[in-house]
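Worksheet: one structure, shown below.
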Amino acid sequence: MEAKSQGVLNPEIPSASNLEFPIETARAAFPALTRTPEFIFFDNAAGAQVPQIVLDAVNHHLLECNVQRGGRYPKSREVDETILRARQSVADLVNARDASEIAFGMNATSFIRLVSLAIGQTLDKRNEIVVTDMDHEANVATWLALERNGAQIRWWKMRDDGNLHVDDLVPLVSSTTRIVACTVASNAIGSIVNVADAARVAHATGSEIFLDSVHYGPHGLIDVQAFDCDYLVCSGYKIFSPHMGFLWGRRELLQRLPTFREDFIPDEPPGKIEAGTFIYENVAGMDAAVCYLENLGRSLAGGNDSRKSRRAALQRAFEAIQTYEESLSLEMLRVLADCGATVYGVSDTKRIAERVPTLCFNLPNISPATVTEELAKRSIGVRDGHMYAPRLMKVVGLSKETGAVRASLVHYNTVEEVREFGKALAKITSA
C-alpha cells in the first residue's frame with residue numbers, strides 16, 4: 001500500500017525535512033532525560049516524559065492558583081483564564097474550527113465511552129458500527145457494549161501487511177452505518193492509517209467517523225479538518241503533558257449529543273461534555289506542552305520565523321519530528337533484524353512512512369517477559385504483553401497472555417540509544 005499524507009501541508013511553510021533535527025536541544029528540555037543513573041525511555045507509548053515548561057506550568061498552578069474556577073476573586077479568575085488559554089492551544093494543535101469544540105477530561109477512554117453511550121441512545125435504522133481488529137481495546141469494547149442497544153457490529157480487519165486498507169472498508173459501510181471507529185496509528189505496532197480516505201468512504205454513505213489519535217499525537221500533526229473526521233480523542237500524557245485527555249467534535253454534532261449534565265449547565269459544548277471538575281493543573285500542563293512544540297517549530301526556522309501563526313510553527317515541528325523519527329524507525333528495524341527478531345507490522349523500509357517508531361517484536365525462543373526483565377536490568381524501559389490490543393495479537397498469531405515486546409520511541413530518543421538497545425538484545429540472545 002502506498003503511504004499517503006495524513007494532513008495538508010501548507011506549501012508556504014519552509015520545509016524542515018532537510019534540516020538536522022536539534023536533538024540535543026530537544027533532550028535538554030526534558031529534565032528526566034538528564035537524571036542519574038542514566039535510563040533509556042523506550043516505553044513512551046505508555047506515557048512520555050514532560051519538558052521543564054510543563055513542570056513549571058503545573059507548579060505555578062498548584063502554588064499560585066490551586067482553587068476552583070468560577071469565583072469572583074483573582075486566583076479563581078486565573079484558573080478560568082488558564083482553561084480558556086489551554087482550550088485555544090489544543091484547538092490550534094488539532095486545527096479545530098473553534099475552541100468550543102475542545103472538551104477536557106480524565107483520559108481518552110472516558111471520552112470514547114461518553115460518545116459511545118450518547119450514540120447508543122440515538123440508534124435507529126442506522127444501527128451498524130464499524131470497528132477494527134487493530135485498535136486499542138478502548139476503541140473497540142466501548143462500541144461492542146452497544147450491542148445491547150441494538151447495534152450491529154462490522155469488523156474492518158487488518159491485512160497481513162500490518163495495516164488497515166480503505167478498500168476493505170468500502171463494503172462494510174452503507175445507509176445503515178452509524179459510525180466508523182478507528183485509530184490514526186496503532187498503539188501496538190505503530191501502523192499509520194489513511195484516515196482521510198476512511199472518512200471519505202464513511203461520509204459517502206452519510207455515516208460518521210470517530211478517531212482515536214492517542215498514539216499518533218506525539219508523532220504527527222493532528223488535523224481534524226484534513227482528516228475530515230467527526231470526533232477525535234487524545235491523551236495529553238502521550239504528548240508530553242501530565243495525565244489528562246481531550247475530545248474534539250464537530251460543534252453541530254456536540255450540540256446534538258445527549259450527555260449527562262446538571263440542570264444549571266447550558267446544553268452547549270464544551271460545558272455539556274465536561275461533567276464535574278477536571279484536573280486544572282494538568283490542563284495547564286497541556287497548554288505548556290503545546291507551547292513546547294510551538295517553540296520547537298519556531299526554533300527550526302533559524303530565527304527567521306516571520307509567521308506569527310502558532311499552527312504554522314506546530315506544522316513545522318511535526319514535519320521535522322516525522323522525518324527524524326523515520327531515521328529512528330529505520331535504525332530500530334536494523335538492530336532487530338541483526339538479532340533475528342520477528343517484527344509485527346510494517347517492517348519494509350520502503351514503507352517507513354506508514355509507521356511511527358513503535359515496534360512490536362519477539363526474539364527467537366525467549367519469552368517477552370524475559371526480554372523486558374533483562375532490558376530493565378540494563379536501564380532500558382520497554383513493555384511486554386498484549387498492549388491493550390488482544391485482538392491484534394490474535395491476528396498476528398500471538399496469545400494475549402504472553403503477547404510481544406514493544407519498544408516505543410519519540411523525538412527525544414536518539415540513534416545512540418537504539419544502538420545501545422541493540423547491543424543489549426544481542427547479549428540477551430547470546431546468553
Side-chain angles (χ1 to χ4, degrees), residues 7 10 13 16 21-34 44 47-66 69 78-96 98-99 101-104 213-214 216-224 234-246 248 270 278-322 324 410-412:
N10 186 333
I13 298 174
F21 188 77
I23 182 60
E24 294 303 324
T25 301
R27 286 180 65 83
F30 291 82
L33 305 184
T34 61
N44 297 289
Q49 301 306 301
V50 300
Q52 185 65 51
I53 190 174
V54 170
L55 293 171
D56 291 343
V58 173
N59 286 341
H60 173 83
H61 179 92
L62 292 175
L63 287 170
E64 303 296 338
C65 57
N66 188 28
R69 60 176 168 170
E78 184 175 348
V79 178
D80 292 332
E81 291 168 3
T82 296
I83 295 169
L84 286 173
R85 185 172 61 250
R87 211 182 295 283
Q88 184 59 58
S89 291
V90 174
D92 293 337
L93 178 68
V94 305
N95 201 23
D98 188 88
E101 295 179 322
I102 302 296
F104 293 129
S213 192
V214 173
Y216 185 72
H219 303 291
L221 186 71
I222 299 173
D223 191 332
V224 296
C234 206
S235 289
Y237 64 93
K238 306 294 180 74
I239 322 178
F240 320 114
S241 94
H243 283 265
M244 55 81 71
F246 60 84
W248 169 87
F278 46 83
I279 306 175
Y280 303 144
E281 62 267 28
N282 290 0
V283 170
M286 184 67 230
D287 173 49
V290 176
C291 290
Y292 160 74
L293 291 165
E294 176 189 3
N295 292 340
L296 175 61
R298 294 193 187 283
S299 72
L300 289 166
N304 297 315
D305 188 8
S306 60
R307 296 185 173 275
K308 302 302 182 182
S309 166
R310 166 182 275 183
R311 179 68 184 177
L314 291 169
Q315 185 168 305
R316 187 182 293 107
F318 276 108
E319 184 183 351
I321 285 171
Q322 284 185 300
Y324 174 70
V410 291
H411 72 274
Y412 53 59

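Residue pairs meeting the salt bridge (Lys or Arg N to Asp or Glu O under 4.0 Å) criterion with at least one partner in residues 234-244, sequence neighbours excluded, do not occur; the list is empty.
Taking the side-chain hydrogen bond (donor to acceptor under 3.5 Å, both in side chains) definition, one finds that D98 meets it with S100, sequence neighbours left out. Legend: residues meeting side-chain hydrogen bond (donor to acceptor under 3.5 Å, both in side chains) with D80, ordered by chain and number and at least two apart, are absent. By the side-chain contact (heavy atoms from CB on, under 4.5 Å) test, I23 pairs with F21, R27, Y324, T414, sequence neighbours left out. Partners of A91 according to the side-chain contact (heavy atoms from CB on, under 4.5 Å) rule, which considers only residues two or more places apart in sequence or in another chain, are Q88, A96, A99, I102. The side-chain hydrogen bond (donor to acceptor under 3.5 Å, both in side chains) check on H60 picks up E78, with sequence neighbours excluded. For R85, the salt bridge (charged side-chain N to carboxylate O under 4.0 Å, His left out) partners at least two apart in sequence or on another chain are D287. Listed by chain and residue number, nothing satisfies the side-chain contact (heavy atoms from CB on, under 4.5 Å) test with A28 (two or more places apart in sequence, or in another chain). In this view, Y292 and F30, H411 satisfy the ring pair (Phe, Tyr, Trp, His ring centres under 6.0 Å) rule, not counting sequence neighbours. Looking at residues two or more places apart in sequence or on another chain, you find no salt bridge (charged side-chain N to carboxylate O under 4.0 Å, His left out) involving E281. With sequence neighbours left out, E81 forms a side-chain contact (heavy atoms from CB on, under 4.5 Å) with no residue at all. Residues passing the side-chain hydrogen bond (donor to acceptor under 3.5 Å, both in side chains) test with Y237, sequence neighbours excluded: none.
Between the side chain of Y280 and the backbone N or O of C65, no donor-acceptor pair lies under 3.5 Å. Between the N282 side chain and the P242 main chain, no donor and acceptor come within less than 3.5 Å of each other. When atom types are taken as modelled, the side chain of S213 and the backbone of Y216 share no donor-acceptor pair closer than 3.5 angstrom. In terms of modelled atom types and a separation under 3.5 Å, the side chain of R311 and the main chain of L93 share a donor-acceptor contact.
Contact between A86 and V283 at its shortest, heavy atoms only, is CB-CG1, 3.4 Å. Considering all non-hydrogen atoms of both residues, N66 and L62 come closest at CB-O, 3.4 Å. The shortest heavy-atom contact between A320 and L300 is CB-CD1, 3.4 Å. E294 approaches A313 most closely through the heavy-atom pair O-CB, 3.6 Å.
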Assess whether side chain to side chain contact (heavy atoms under 4.5 Å, CB included) is satisfied between V94 and D223, documenting all intermediate values. CA-CA 5 Å; V94 305; D223 191 332; over 6 Å; no
* Walk me through it: do I222 and C234 pass the test side chain to side chain contact (heavy atoms under 4.5 Å, CB included)? => CA-CA 10 Å; I222 299 173; C234 206; 4.1 Å; yes
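Taking 4.5 Å as the limit, every side-chain heavy atom of I279 sits out of range of all side-chain heavy atoms of F104. Side-chain contact between E101 and P270: absent, with no pair of heavy atoms (C-beta onward) separated by less than 4.5 Å. Contact annotation: the side chain of V290 never approaches that of I239 to less than 4.5 Å [non-hydrogen atoms, C-beta and beyond]. Side-chain contact between N295 and I53 is present, with at least one heavy-atom pair separated by less than 4.5 Å. Looking at L296 and I321, their side chains come closer than 4.5 Å, going by heavy atoms from C-beta outward. Using a 4.5 Å cut-off on side-chain heavy atoms (C-beta onward), F278 and I83 make contact. Two residues are said to be in side-chain contact when any heavy atoms from C-beta on lie closer than 4.5 Å; S241 and V50 fail this criterion. A heavy-atom distance below 4.5 Å is not found between the side chains of F240 and V54.
No hydrogens or angles considered: a donor-acceptor pair under 3.5 Å links the side chains of R310 and S89.
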